[in-house]
Every structure is written in structure tokens, then in C-alpha cells.
Amino acid sequence: MSLVGDIIALVRGEAQADLVVPRSGQAAKLTVAVSGAMAFLAVFALALSLASGRLADRWSDALAQSSTIRLSAPAAELEAQTWTVLTVLEQTPGVDSARALSDDEQRALLEPWFGPDLPIGDLPVPRLIEVIETSDGYDADGLRQRLAAEAPGAVLDDHTRWRRPLVEAADRLRLLGWLALSLILASTAAMVTLAAQAALASNEQVIRVLRLVGARDSYIARAFVRRFTRRALSGAALGAGLGTIAIALLPRAAADGAFLTGLGFTGAGWLWPAAIPILAAVTAFWATRIAAFRTLKGLR
Amino acid sequence: MIDMQDVAYGYGAEPILSDLTLRLAPGSFHFLTGPSGAGKTTLLKLCYAELVPTGGHVSIFGENAAALDRDRIALTRQRIGVVHQDCEFLDHLTVRENIALPLMVAGRHGLGQEANLTELIAWVGLGARAEARPPELSGGERQRAALARAIIMDPDLILADEPTGNVDWEMSLRLLQLLTELNRMGKTVLIATHDLALIRAAKAQVQARVLRLAGGRLSAAGADL
Ligand SMILES: Nc1ncnc2c1ncn2[C@@H]1O[C@H](COP(=O)(O)OP(=O)(O)OP(=O)(O)O)[C@@H](O)[C@H]1O
Ligand SMILES: [Mg+2]
């Protein structure tokens, strides 16, 4: 099939056949410049997607951890209130499981401060109840109200819950990053299509001569396709390279990854920008091919 | 090679050619003459499927010209060497590359053709101009380059539209000699020309039929030719 021929010709690079289309032209420079700029932007969109993805993962891991209920009550009531709290929790939708920490576990938690020999039974140490929530989460305000009514000594400490909207925001940001990438890709395709059409139109005389000497449309199209694919590839390689360097040079102050300084690639993620020029080349290949065959069909 | 039956052609409502019948047998040598504007170039364009007849039937190498798609037209043209009257070239290529262009587009460039190419360029007297660009050529040099380009593919059929219009008599004879030589090797040749002296010179070398196109019709030329 001629598509296979096109791809082989592209890879083999028949320099001779490339000659038949004049080298110069606005459309050519435009393609290199715009592919470069688009690739530069694409690197940032990619970095944004990957970074917000990491952020969302990290924060939702934290969310999956338990929240705790601190129960302070006179020793006589402690046991009864513990049962009340556990019963309430059992009835609360969104709570996966709940259990009171044993004395040993509580001692282990306090050990760093008070040493190993703490007589925990004699001290008014609050009882800790660990709450594991389902992925949907529970209604914290509702739970708080019930606890206040039924076990006044219980305090719900859901320190990780404030992150939930942030995780949603990070997820949304990741989505926006991919959307930006698709828009960049679509704009590149549109630009290459226009540039290819302009090149074909300004080379009408060349096309006529080529046809007179027996060139098939696939040959003529191929010459243009190779040109534009190479230009998009080189422009995008340059743009993606510069974008990657710019990302690498971002200061990374906080090791734990405050959001902005976390905007970068990690590990094998550094290979991602290399996909951008390839994507640009594939886009240019198809955009030019479709534009060329359509234009050639219209030229009598 | 070419078979025209009752062919009519008009660019607008007015027909340029009508009821035209022509057969170019393999190995034949024809001249086509007639007043300027009679339709000689138009007739040649019908022969290489640049134009489709508005009436009648044109067959090229046994195929109905009207039914050829783009790809078939291209392949057909690879078998026909045409010297166009206006000699269009690709101005960004050298003369040498332009002459090799039919080989390039047919994917046959570089297949041991370099020596042939050099020899052919020397033969048409363009050895010194091979690396020039077409806009730098004189009218006669362009025609010689066009002839070289037309025959580089070793075509079965050669259609030449005023191939000697801009060259001196000596060069005209040389080009004619090249064409008669090719005819002797079995190629079919059709030359459109105003140059009656050239026709007379040719008749001494080959068996040539002279056709006269006037008023949209073809007739055999008078005995003086
Ligand atoms: N593209 C065109 N559109 C409209 N009319 C055309 C076109 N090409 C040629 N003609 C007209 O058709 C007629 C025949 O033109 P053609 O070029 O075939 O003549 P010719 O015999 O080759 O003339 P010459 O000897 O001057 O080259 C002329 O009257 C010309 O004006
Ligand atoms: Mg003419």
C-alpha cells in the first residue's frame, strides 16, 4: 500500500526525491517555529499533568488513612462512652471500620514522650478510637453532632479531610493538563494543514510540471509529506528540548514537594518529553498527507 | 500507439477540432503543420491525456483516454516523451536535474543512468550548461533541454511541439537527426512545426507523413512537402 511506501520513504529519506519541491518558503519556517513553540508548551502541559497526578495520588493515599476520635471521660464512664462511640460509628454510613486502641498501642504512641514505663491505666489519658473510612468518606459534621449528643467527651479529629477538595482540584488539574495537550496537538495539526495547503498552492506550477513528466499524485504528496514531517519533527525536538531544560532548571526548594517545586519529571518520567516530537511528526505526517491528497485532487 | 476517432475539442462553445481521425502506427514518423492557432498544441495535448476530447474517442496505447484515472495518466506519460511548446521546467533544479526529472519521478533515477544522462546532455549541446538553472538558459537551450528531458526515459512515443522554434538551422538539423535516429530505433515520432525547410530535410532521412491541420480538420499536406 502507498501508506507503507510513504512511511518507508520517510524513514529511508530519499534525498533525491525531496529535491522536487522547492526548499524555501514561509510555510516551511512557520512549521518549524510553530512546532517548536507548541512542543515547548506541550512539555509544560505534560509536566503539569504528571505533577498534579502525583500530587493527587499522594494526597489520596493520606486520605485513605484513618481519622481518630479522642475520648476524654471520667474513668468510670470511659468504657460505656467507648461503646457508645463505637456503636455510633457502626451506624454511620461511610465508616468502614472502627476500633479502640488497646492500652499497649496507646503506650507505644506515648512512649516517645514519657518513656516505656508509663502506668497508663492510672492517668487520665484519653482513649483513642481509630476510624477507617470507605472511599466515599463520611459526613464529618453529622458525626460530630451525634457524638456531641451521645458521647460528649468524644472529639473527632479528621485532620486529613481538608485535603479532599485539594485532591479533587489536583485531579481536575491533571485533566486540564491532558486537555491542554490535546488542544496543542489539534492546533499543531491545523497549523500544519494550513501550511501544507499554502505550500501546495504556491507550488502549483511545480506540481503541473511534475505531472507532465509522469509523476503520480502519491509521489508529489510524498515529497510534501516528507518535508513537513521532518520540519515538524525538528521544530518539536528543539521546542521539547528547551522545555525540558527549562523544567529541569526550575528550583526545587521543598523536598516533600510543595506544589510548584514539584512541577517536574521524576525518574523515567524524563523520557516523556521525548514522545512530544514523535507525536508532532505523526501529526504532521497525517495532516500533510490528507491536505496534499485533497489539494491534488482539486488541481486539474 | 495513438488512435483518434471522430475527435472534437473546444475550449469554449466554439470547437477547435472536429471530426478528426488520426492513427499513429508504431514506428511511424509524422509531421503536423498548419497555421498558428489551428490547434496543433491542442491535438498533442489530447495525445498525452492533458485534455479529454469533448467528442469522439482517443485511445492511447490501446486504452481509452477518457477512462484513465490520475495514476494511469501518470504511468502513460512515463511512456510518452513530450517536448512542450512552452518548455516548463522546475526553476529550483539544475538543467541536469530537470532532464533527469522523469527518471526521478518514475523511481528510476540512479539505476546506472548517470552515464546516459551525461551523454545525452552533451548530445544536445548543453554540457557546459548542465549545472545552470533553467531561467538562465536561452530559448534554444531550453528547447534542447526539453528534448533531452523528453527522451531520457527511452519512451515509445515522442511528441514534439515546435522543438526547433528557437534554434539555428544547424542545431535544428542536429535535433532532427536525433529524432530520426530514435525513429529508426523503432520509436514513434510526431513533430508539430511551422518549419517547412525542416520537413523537407527530414523527408530525405525518413519516411515521414505530413499532416496539415486547418479549420479544425486534418488533411495530407500538398505534394510540395
Ligand atoms: N487554455 C485555452 N483556453 C482557451 N483557448 C485556448 C486555450 N489554449 C488554446 N486556446 C485557443 O485554441 C486555439 C488553438 O490553440 P493551439 O495552441 O492548439 O494552436 P497551435 O496550432 O498550437 O498554434 P501555434 O502554432 O501558434 O502554437 C487558439 O485559437 C487558442 O487561442
Ligand atoms: Mg502550439
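Computed from a predicted model, the values in this text were never measured in an experiment.
- Within residues 179-187 of chain A, no residue has any heavy atom closer than 4.5 Å to a heavy atom of chain B.
- When every heavy atom of R70(B) is checked against every heavy atom of L296(A), the shortest pair comes out as NH1-O, 3.4 Å.
- Between Q205(A) and F89(B), the shortest heavy-atom contact is NE2-O, 3.7 Å.
- Under the rule for a side-chain contact (heavy atoms from CB on, under 4.5 Å), the partners of P53(B) that lie at least two apart in sequence or sit in another chain are V7(B), L46(B), V58(B).
- Within a 6.0 Å sphere centred on CZ of R172(A), other residues, nucleotides and ligands contribute 12 heavy atoms or fewer.
- Counted within 6.0 Å of CZ on R174(B), heavy atoms from surrounding residues, nucleotides or ligands total more than 12; the atom is thus considered enclosed.
- Crowding of W123(B) atom CH2: a count of heavy atoms from other residues, nucleotides or ligands under 6.0 Å exceeding 12.
- Between chain A and the residues V105(B), I80(B), L93(B), the most heavy-atom pairs under 4.5 angstrom are made by V105(B).
- The contact between R149(B) and chain A is made entirely by side chain atoms (from C-beta outward), counting heavy-atom distances below 4.5 Å.
- Applying the salt bridge (Lys or Arg N to Asp or Glu O under 4.0 Å) test to E204(A) and every residue at least two apart in sequence or in another chain returns nothing.
- Of all the listed residues (V82(B), T76(B), L101(B)), the one sharing the greatest number of non-hydrogen pairs under 4.5 Å with chain A is L101(B).
- Identified by a heavy-atom distance below 4.5 Å to chain B, the contributing residues of residues 209-217 of chain A are V209(A), L210(A), R211(A), L212(A), V213(A), G214(A), A215(A), R216(A), D217(A), in residue-number order.
- Using a 4.5 Å cut-off between heavy atoms, A150(B) makes no contact with chain A at all.
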